[in-house]
Q: 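Have a look at this one before I ask anything.
Naming convention: chains lettered A, B, ... in sequence-line order (proteins, then strands); numbering from 1 in each chain. All values below were derived from every heavy atom in this structure, side-chain atoms included, with hydrogens, water molecules and symmetry-related copies excluded.
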Amino acid sequence: MSKYLVKRLIRGLISVVIIVAVIMLLVYTFIKREDIFKNDPNFSKKLSNARDVYQYERWEDFGYLDYVPYGDWLNMLVKDGTLTSEKRNEVAQFGYTEADDTPAVKEYVDKFKAYYQSKGYTIVRLDADMKKITVGGRQVLFAYKDIPVLTRLWKFFTSILEVDTIHYVENDEDLVGERGLTFTFFDPAAGGKFSPAIMGNGTKHKYLLYFDNQFPFIHQNVVKFHLGKSFAVNRGVEVVETMTNKQGSIVKSEVTYPTGYVEETSDDLHTATFSPNANLDNTFIKTRFTDKYTNVTSVKSSGSRITLSFIIGIISSIIAYLLGVPIGIAMARNKGKWFDKIATAYIVFILAVPSLVYIFIFRTVGMAAKLPGKFDIDSNNPLQFVLPIVSIALPSVAGLMQWLRRYMIDQMNSDYVKFARSGGMSERGIFSKHILKNAAIPLVHGIPGTILGALVGGFITETIYSVPGTGRMLTQAITLRDNAVIVGLAAFYSMLSIISLILGDILMALVDPRISFTDKAR
Amino acid sequence: MKKDELALIKYYSTKVADVADENKQVNLQELNMANEELFAHQDHSDLESEKITAPRYSYWKSVFRVFFKRKINIIFLALLGLVLAITYIYPLIMGYDPDVTPNIHIRDFSAWNLSPEQAIEKYGFSLHWILGTGMRGQSTFDYIWYGGTISLSLAFICAAINMIIGIALGAIWGFSKKFDIFMTEVYNIIGNVPGILVITVLVLILTAGFWTMVFALTITGWLGIAYFIRTQVIIIRDREYNLASRCLGTNIFRIAFKNVLPFMTSVIVTLLATEIPAYISSEVFLSYIGLGMSDMSLGRIIQEAQASMLVQGRQIQFWAPVAVSAVITIVLYVVGQNLGDASDPRTHM
C-alpha cells in the first residue's frame with residue numbers, strides 16, 4: 001500500500017507542476033500586460049515618463065520582466081567596489097537628452113548599455129519632458145528583459161519551501177551575540193511564565209518554535225510555505241501570509257519587550273523577524289528591543305482569511321452530514337412515500353435552481369429573521385456566521401441525501417440483503433448492519449475532500465455575504481489582475497484537491513477491507 | 001393458431017374433462033365423430049416455429065408510454081413547451097432589442113422603475129407591463145425573456161458541444177486501454193484546475209461575448225462528461241452479453257454502437273437533464289461576479305438588478321428574473337430526469 005501511495009503522491013506532484021505551468025502560461029502570456037493598470041488609481045495619477053517607469057516597476061513586481069534602472073546599476077558597482085561613492089554621485093546625473101551628457105557620464109552610460117545589451121536586455125532612454133519636468137517628466141534610463149515562463153516556473157517551485165537557518169543573516173556585525181539556537185522554558189514574550197520556546201540568532205525569525213494561547217497552541221517558523229507575492233489584493237505581502245494573517249481591528253494588551261519595558265500595545269513579539277535596516281540607536285527601538293529582530297505584526301481581533309473560510313466550511317459540513325445522513329436513510333426506508341417525495345422535491349430545487357438564486361432566497365429569509373446579511377470583520381457578533389453557514393450547508397445536505405438514498409436503494413435490491421431477510425433478520429438489523437455500512441463507503445471517500453474543501457471556501461457564498469475568506473480572494477485577484485495570487489491560489493487549490501483524493505482513498509480502504517491498493521490483490 | 005381452432009380445443013378439452021370426472025375411459029368413438037372432425041392435420045413450418053409470440057417491443061414507444069403514464073410528466077412537458085415558446089417566440093414577435101425599441105423610455109424619467117400597477121396605469125394593460133419597468137424604463141417582462149433566450153441558447157449550445165465530444169471521447173476512452181492511461185492523466189491534471197480560473201482567464205483574453213462564453217464553458221467542460229461515460233462503458237463493456245458478442249466475432253464498433261450505447265441512453269438523458277441547468281447556473285454566477293457576457297443574459301439582468309433588491313417597491317426587478325431562471329431550470333430538470341427514468345428499459349415492464 002505504501003508503495004502505491006508514494007507513486008500516487010509523485011504523480012500528484014507532477015500534475016501540480018503541470019497545472020501551475022498551464023496557469024502561468026495562460027495568465028502571463030495571454031492576459032494583456034496593460035490590463036493590470038485598469039483599476040490602478042496610482043497609474044492614472046502618474047504623468048509623462050514617470051508613468052512609463054511606474055509601468056515597468058509594476059511589471060517587475062508582477063514577475064513579467066527584470067527591470068534595472070541606471071542608478072541601481074551604479075549602486076551595484078559601488079557595492080562591488082569598482083566605483084567610489086563620489087564618482088557615483090558625479091555620473092548618476094545623466095543629461096536631459098543624450099547630447100547633454102558630460103564625457104564622464106557618457107562613459108558610464110555607454111558601459112551600462114554595453115553590459116546589459118550583451119545580456120540580452122533592452123535599453124530604454126526617455127528624454128526629459130521639459131513641460132512636465134516637475135510632475136514626472138524627468139529623463140529616465142533603464143534596461144529590461146522579459147522573464148521566460150520556464151524561468152518563472154523554476155523560481156516558483158524552488159522558492160515554494162523556505163527553511164530558516166542560522167545563516168540567514170549575511171553580515172555578522174548586524175547580529176548581537178553569537179549565531180545559534182537557544183532553548184528556554186520561560187519565554188520572555190509570554191511574560192516569563194512557563195512556556196517553552198526555541199529562539200534563534202542569525203535566523204530570519206526570532207522565534208522558531210513557541211507555545212501560546214491561540215489555536216493550535218504550538219507554532220513554528222522554521223519551514224515557511226511561499227506561493228508568490230501579492231501586489232494588488234494585498235500589496236507586497238506573500239499569498240500564504242495574506243491567507244493566514246489575522247484581520248480586523250487591532251487588539252492591545254500588556255507586552256513585555258526584550259529590554260523589560262512594559263507597554264500596552266498590539267505588537268506580537270512572536271512574529272519578530274530580522275530587519276537589517278533597524279537603527280538600534282533610535283530611542284524608540286532602544287527602549288524596546290535589544291537586537292535587530294524588530295519587525296513585528298499586530299495582534300488583530302478577527303480570524304485570518306483561511307480561518308474564516310475554515311470555520312464556515314467545517315461547521316456547515318458537520319451540519320450537512322448531521323442532517324443529510326439521517327434524512328437520506330429515512331428517504332430510502334420510506335421510498336415512494338410522502339416523506340421521500342417532499343425530500344426529492346427539495347433535492348430537485350437545489351440541483352436545478354442556479355446556486356446564486358437559492359442563496360439569495362436564504363439570505364432574504366434570513367434577513368427577514370433579523371440575521372446580519374453582510375459580514376463585518378470588525379464585529380464580534382457570532383450571528384453573522386449563521387447565514388453563510390446555512391447557505392453552504394443546505395445545498396450540501398441535498399447532495400448527501402441524494403447519494404445516500406441512491407446507494408441505499410441499490411443495496412436494498414442486492415442478493416445478500418434478500419438472503420439476510422429470508423434468513424429471518426429484522427428489517428432494522430438489515431438496515432443498520434448491512435445496508436448502511438455498504439452505502440456509507442462511497443460517502444466516506446468524500447469526507448477528507450469536504451474538510452480540506454472547507455479551506456477553499458465558497459466562491460459564491462463568500463462573494464454574496466462579502467466574507468473576507470479565501471474563496472473571495474480568487475475573485476478579487478481575478479478582478480484586480482493579480483497574477484501572482486492567481487497562480488499561487490491555483491497551486492494551493494490543486495494541492496488540496498490531490499491530497500484530499502489520496503486521503504479519501506486511504507480512508508475508504510480503512511473502512512472497507514475489500515478495497516486494497518496493493519498490485520497483487522488487484 | 002386461428003380463433004376457431006382455439007375454441008374447438010377448449011370445447012373438446014372440457015368435454016374430455018367431464019368424461020374424466022366420471023372416471024370413465026374415454027372412447028373417442030362414443031363421440032360419434034369422424035377422424036377428420038376430431039383431428040386436423042397441421043403442417044410443420046420451420047419459419048413459423050421460429051416466431052416469438054410475445055407482443056412486439058418498440059423501445060421508443062415504450063419510453064413514451066412510460067413517460068406519459070404519469071400525469072406530472074404531462075404537466076411539466078406542457079410547461080416546458082410554454083417556457084420554450086415564450087423564450088424563443090415571444091422576443092421574436094415583440095422584436096425586443098436592448099438598445100432600440102419603443103418599449104424603452106430611457107429619457108422619460110417618469111417611466112423608470114415602475115411597479116406593475118404603476119406601469120399598467122401609465123400605459124394601459126398589456127403583457128409588456130405585467131412586471132413593471134426597469135431602471136431604463138424598459139419592460140421587465142420583455143427584458144427577462146430576451147435574457148432568457150440568450151441564457152437558454154448558451155446552455156443548449158454548450159450542452160450539445162460537450163455531450164457530443166464527451167460521449168465520443170468517453171466511448172473511445174472506455175474501450176481503448178492505451179487511450180485510458182493517457183486520458184486519465186489528462187483528467188487528473190485538468191480536473192484539478194479550478195474551472196472558474198479557466199473561464200476567467202479566457203474571458204479576460206478574448207472579448208467577453210457569447211461565443212467566448214461558449215468556448216470557455218466547453219474547453220474543459222467535456223472532460224467531466226467523457227470521464228462519466230468512460231466509467232459507464234467500462235462497467236458495461238465486460239458484461240457477459242458483450243463477451244459473448246465478442247466471442248461470436250462482432251467487431252468493436254458494432255459492440256460500441258449496438259450493444260453499449262443503447263444501454264446508456266437513460267444515463268445520457270439523465271446527464272443532459274443535469275447539464276443544461278448547470279450551464280444556466282454557471283452563466284448566472286459568472287455574470288454576477290462580473291465575468292459574464294456583454295450580452296444581456298439572465299445572469300447580467302440579475303446582477304444589474306441587484307441594487308433594486310434593497311429598494312422598497314423595486315424588488316420585483318430582481319425577483320422576476322430570479323424566478324424565471326428558477327422556473328426554466330426546474331422544468332428542464334424535471335422533464336429531463338423523468339425522461340431519463342422512462343428511457344431505462346427496466347421500467348418498461
Q: What pair of heavy atoms forms the shortest contact from A:A352 to B:P277, and how long is it?
A: O-CB, 3.7 Å
Q: Say you draw a straight line from OG of B:S282 to CG of A:L356; how long is it, rounded to the nearest 0.5 Å?
A: 11.5 Å
Q: Pick whichever of B:L298, B:L332, B:I330, B:T329 has the most heavy-atom pairs under 4.5 Å with chain A.
A: B:T329
Q: For A:D340, check side chain to side chain contact (heavy atoms under 4.5 Å, CB included) against everything at least two apart and list the hits.
A: A:M331, A:K335, A:T344, A:R405
Q: Against chain B, label A:I361 side chain, backbone, both or neither, depending on which of its atoms sit under 4.5 Å from a heavy atom there.
A: both
Q: Is the number of heavy atoms from other residues, nucleotides or ligands within 6.0 Å of CZ (A:R11) greater than 12?
A: no
Q: Select one option (side chain, backbone, both, neither) describing which atoms of B:V331 are under 4.5 Å from chain A's heavy atoms.
A: neither
Q: Which atoms of A:I464 are under 4.5 Å from chain B, going by heavy atoms: the side chain, the backbone, both sets, or neither?
A: both
Q: With sequence neighbours excluded, tell me which residues meet side chain to side chain contact (heavy atoms under 4.5 Å, CB included) with B:I75.
A: none
Q: Check whether more than 12 heavy atoms from other residues, nucleotides or ligands sit under 6.0 Å from atom CZ of B:F182, and answer yes or no.
A: no
Q: At a 4.5 Å cut-off on heavy atoms, which part of B:I328 comes close to chain A: side chain, backbone, both, or neither?
A: neither
Q: If you measure from CZ on A:F360 to CZ on B:F318, what distance do you get to the nearest 0.5 Å?
A: 4.0 Å
Q: Less than 4.5 Å apart, side chain to side chain, heavy atoms only: is that true for B:F285 and A:V357?
A: no
Q: Using non-hydrogen atoms and a 4.5 Å limit, figure out which bit of A:Y358 sits close to chain B: side chain, backbone, both or neither.
A: neither
Q: Between B:S325 and chain A, with a heavy-atom cut-off of 4.5 Å, which part of the residue counts as in contact: side chain, backbone, both or neither?
A: both
Q: With a 4.5 angstrom heavy-atom cut-off, could you sort out which part of B:Q337 is near chain A: side chain, backbone, both or neither?
A: neither
Q: Is there side-chain contact between A:V353 and B:Y333, with at least one heavy-atom pair below 4.5 Å?
A: no
Q: Is it the backbone or the side chain of A:R472 that comes under 4.5 Å from a heavy atom of chain B, or both, or neither?
A: neither
Q: Decide if atom CD1 of B:I72 counts as having more than 12 heavy atoms of other residues, nucleotides or ligands within a radius under 6.0 Å.
A: no
